[in-house]
Student: 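Below: one structure in structure tokens.
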Amino acid sequence: MRKTIFLVIKKVRYLLIVALPVLLSQCDKPASLSAVILAEQEVVAAEPVKAILENTGLFDADIKSNNFADFNKYDLVVLSTSKISWSDDVKAAFETYLKNGGGLVILNSAANAFPEWDAFAAISGVKPLESRSSEPFEFEIMEQKVEHPITKGLPGNWLHMPDYLLFNTSYLPEDVEILAAAKADTLYGGDGQILPVLFTVKYGEGRIFHTTLGTAPASMQCVGFIATLQRGAEWAATGVVSQAVPVDFPNSVSTHEWIDYKPLTIDEILNKAATYEVGKSKKYLTDFSMQIKNSDGKPETYAMFEDKILEFLQSDATVDSKRYMCHELSWMGSEKSIAVLDNLINNKDLSEAASYALYRLRM
Amino acid sequence: MKENRRGFIKKAAGSALAMIAAPYIIPGTALGKNGALAPSERIVFGGIGLGSQGMGNSRGFLNKKEIQYVAICDVDARHRNNAMAMINGTYQNNDCRSYGDYREMLEKEKLDAITIAVPDHWHALISTAVANKGIDIYGEKPLARSIKEARAIVNAVNKNNVIWQTGSWQRSLANFHRGAELVINGRVGKVTHVEVGLPNGRKPIGTPPPMPLPEGLDWEMWLGPAPAVPYRGVAHWDWRWIMDYSGGQLTDWAGHHIDIAHWGLGYDKTGPISIEGVGVYPREGIFDVPIAYDFICEYKTGVTMRVANASKQKHGMGTVWHGDKGWVHVDRGDVIRASDPKILEEVIGKDEIQLYKSTDHQQNFIDCIRSREETITPAETAHRSISVGLLGEIAMLTGKKLAWDPEQELITNSAYANRLLVRPYRNPWKLDMIS
């Protein structure tokens with residue numbers, strides 16, 4: 001039933017796509033997209049993919065294995081494994097699904113699922129060769145196409161968490177649109193080539209998003225992997241991307257992880273920041289600063305952050321983390337902070353940092 | 001008013017009086033060196049900060065026969081030893097005196113001029129103290145770590161009538177001078193947009209643990225007004241990747257290519273009215289300045305200027321002025337290019353704007369010490385150049401578009417961002433703001 005309604009919306013969408021983007025995004029809100037993740041018998045490995053899709057708030061995802069063929073019930077099919085074998089009937093049903101405008105996401109090694117099936121090369125945009133990959137390493141993703149809905153608004157270059165870089169395929173350039181690439185560094189067993197890592201393929205009316213990232217299980221926590229998968233999934237299912245780019249998307253020098261495939265709340269960030277000591281990781285401190293920097297900058301927003309910092313300064317957080325927070329407070333705090341900081345002047349560990357903040361707040 | 005040595009030099013220059021007055025401590029052993037002035041006529045120099053830049057500057061000045069270094073100061077004994085060896089070796093004596101605290105040097109020495117090359121967080125305290133002694137200054141760019149500190153230096157320099165030369169030496173090179181002079185005389189038409197391409201930042205090194213101090217380094221004095229932190233193996237040179245001491249490549253290079261951009265625009269005494277942009281900041285590690293930066297300034301004339309990593313600019317490193325009739329690009333390595341080669345053949349007429357001409361940045365300082373004329377890069381000019389970099393930094397740190405009043409030197413749309421115009425000092429350091 002849901003599928004039927006959605007198909008109607010989809011048809012209307014094509015008419016509205018240029019003229020009425022606002023109305024369109026309103027149409028999107030109540031509709032939930034359905035996805036099926038095709039996995040091995042061991043479905044555990046597909047759980048992160050399910051979480052990543054569902055954390056968008058756009059998808060409901062089922063995990064199925066083996067000869068599942070009821071593709072038309074779904075807006076999106078995700079191939080998450082190469083260990084899959086289909087009968088000719090299933091293959092035919094799959095081709096029909098795509099030709100009629102179905103959405104597909106191909107995750108890393110799933111590109112190797114059907115080496116003998118010619119149509120699959122056209123679907124995945126690659127031709128599998130013998131199985132090869134680099135050692136896991138932290139590599140830089142280099143954006144190739146900035147105007148595609150999937151990559152629009154992402155930083156040009158960003159660091160991906162340690163992962164295998166697959167180079168066991170040859171690409172079919174006439175069929176694919178490369179969104180991002182990475183260098184298979186020879187230091188880590190790569191061949192020195194620049195390889196597409198995110199790309200799209202057109203097959204009939206079907207939209208296919210292919211990501212080679214996420215082979216190393218921990219790398220699936222990379223915000224870059226997660227956000228591009230989420231955006232690629234929405235694009236494959238609908239042709240548009242309505243999701244905002246996360247403020248903590250990795251940049252060219254810093255990876256960023258979402259442990260549970262979703263961002264930490266401000267309170268969770270502060271809890272983690274509270275254990276900081278000089279010489280240890282300060283990433284949660286910088287994450288907190290980034291939240292302030294990326295906020296709307298309204299006085300009431302800064303006041304919300306200020307309240308949290310004042311609470312932090314009176315908690316049992318470490319001295320080093322409190323010093324950092326005093327520096328943050330120095331520019332975005334208000335008169336409300338002065339009494340708390342005045343109290344810290346007599347604390348020998350925090351006196352200097354409190355003076356720093358008070359100097360600016362009393363300017 | 002007491003007659004200080006500067007005043008004396010000015011009067012004595014080219015006068016027979018110079019021959020009869022020799023009240024200062026210039027070693028007799030320096031007499032009679034080939035081509036040298038008599039010691040009594042030499043300008044008495046001191047040096048504060050003798051790391052890589054300070055040694056480079058001093059090496060240049062040591063080639064000038066009109067000056068003599070008599071004292072140096074550095075918080076690191078190794079730097080002091082290097083500098084003493086170089087200076088005494090040049091003069092073939094053992095007369096140069098050495099200090100670990102600039103305040104002691106200023107108290108004990110009678111100096112005409114001081115070359116300063118210290119980390120940015122120290123610029124304002126030292127420069128104002130030296131200016132307040134009536135001593136002329138060759139100071140490094142960027143003028144200061146914050147806009148208020150830079151203004152304090154300008155005020156101290158003006159109030160004390162001291163000569164200031166900034167280490168923005170590109171102004172003394174022919175290609176930069178020529179490019180700026182073509183632009184300010186309209187050879188690219190009306191300027192609409194300027195591109196400034198600067199280097200990439202250094203990649204983060206992670207978070208080293210606290211470690212023992214190297215022998216001879218006075219860490220407390222090295223930190224000075226900056227927050228107290230344990231030594232973690234980063235001091236000389238690499239201070240420029242830490243925000244407590246520097247703004248990174250952006251503020252390091254603002255005094256070069258933004259400075260040149262302003263020169264060609266005639267904006268040496270003004271600044272932008274809005275600034276907006278983004279920086280790429282490392283999430284981890286002690287190096288916390290932006291690795292990449294990209295911001296746009298708008299001036300009240302409507303001219304816009306984009307400051308970004310060279311890799312993001314069409315013409316790469318350097319300064320490109322775009323006008324309605326073409327463009328001119330200048331960069332290091334004698335680069336001067338134009339949209340049409342004919343622009344580069346243009347002659348600037350006698351009735352047109354002749355930009356200040358210097359072909360030797362250090363000699364220009366020495367000449368101005370004698371003439372009491374303004375140098376090619378006075379303090380106000382350096383202040384306006386670094387203000388652009390520092391406003392870019394504030395826009396990136398706050399993530400907001402800033403409205404700037406270049407007359408009042410205030411951010412007019414954010415009381416929050418205004419607080420970042422200063423960097424608070426650690427006790428007991430205090431900066432005399434002088435208004």
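Order of the sequence lines sets the chain letters (A, B, ...), proteins ahead of strands, with each chain counted from 1. Just so you know, these numbers use all the heavy atoms, side chains as well, and skip hydrogens, waters and symmetry mates.
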Student: May I ask you to check whether A/S254 and B/E284 show a side-chain donor-acceptor distance below 3.5 Å?
Tutor: no
Student: Counting only heavy atoms not in B/F287, do more than 12 sit closer than 6.0 Å to its CZ atom?
Tutor: yes
Student: Would B/E149 and B/Y425 count as having a side-chain donor-acceptor pair, cut-off 3.5 Å?
Tutor: yes
Student: Checking heavy atoms, do the side chain of B/A228, its backbone, both or neither come under 4.5 Å from chain A?
Tutor: both
Student: Pick whichever of B/P227, B/P210, B/A415, B/P208 has the most heavy-atom pairs under 4.5 Å with chain A.
Tutor: B/P227
Student: Need one label for B/L420: side chain, backbone, both or neither, based on atoms under 4.5 Å from any heavy atom in chain A.
Tutor: both
Student: For A/F137, does the CZ atom sit with more than 12 other heavy atoms under 6.0 Å from it, leaving out its own atoms?
Tutor: yes
Student: Please classify the contact between A/T255 and chain B as side chain, backbone, both or neither, with a heavy-atom cut-off of under 4.5 Å.
Tutor: backbone
Student: Measure distances from A/L361 to the heavy atoms of chain B and classify the residue's part below 4.5 Å as side chain, backbone, both or neither.
Tutor: both
Student: If I measure from the heavy atoms of chain B, does A/P250 come under 4.5 Å with its side chain, its backbone, both, or neither?
Tutor: neither
Student: Tell me whether the guanidinium CZ or amine NZ of B/R426 lies under 6.0 angstrom from the six-membered ring centre of B/W429 and within 45° of its axis.
Tutor: no
Student: Which one wins on heavy-atom pair count under 4.5 Å against chain B: A/P155, A/S252, A/G333?
Tutor: A/G333
Student: Under a 3.5 Å cutoff, is there a donor and acceptor pairing between the side chains of B/D405 and B/T412?
Tutor: no
Student: Could you have a look at A/K282, A/M363, A/M290 and say which one has the most heavy-atom pairs with chain B under 4.5 angstrom?
Tutor: A/K282
Student: Report, by ascending residue number, the residues of residues 314-322 of chain A in heavy-atom contact with chain B at a distance under 4.5 Å; give 'none' if the set is empty.
Tutor: none
Student: For A/E268, is there an ion pair with A/K272 - N to carboxylate O distance below 4.0 angstrom?
Tutor: no
Student: Considering only heavy atoms, which portion of A/H256 lies under 4.5 Å from any heavy atom of chain B: side chain, backbone, both, or neither?
Tutor: both
Student: In terms of side-chain heavy atoms, does B/D244 have a donor or acceptor partner in B/H121 at a distance below 3.5 Å?
Tutor: no
Student: Given heavy-atom pairs under 4.5 angstrom as the criterion, report whether the side chain, backbone, both or neither of B/R283 touches chain A.
Tutor: both
Student: Is it true that the side chains of B/E195 and B/T319 contain a donor and an acceptor less than 3.5 Å apart?
Tutor: no
Student: Side chain from CB out, backbone as N, CA, C, O: work out which of these in A/S330 comes under 4.5 Å of a heavy atom of chain B, or both, or neither.
Tutor: backbone
Student: Is the distance between the ring centroids of A/Y276 and A/Y324 under 6.0 Å?
Tutor: no
Student: A/L285, A/T286, A/V253: which one forms the most heavy-atom pairs within less than 4.5 Å of chain B?
Tutor: A/V253
Student: Can the ring centroids of B/W239 and B/W122 be said to lie less than 6.0 angstrom from one another?
Tutor: no
Student: Of the non-hydrogen atoms in B/H329 and B/G318, which two are nearest, and what is the gap between them?
Tutor: NE2-CA, 4.2 Å
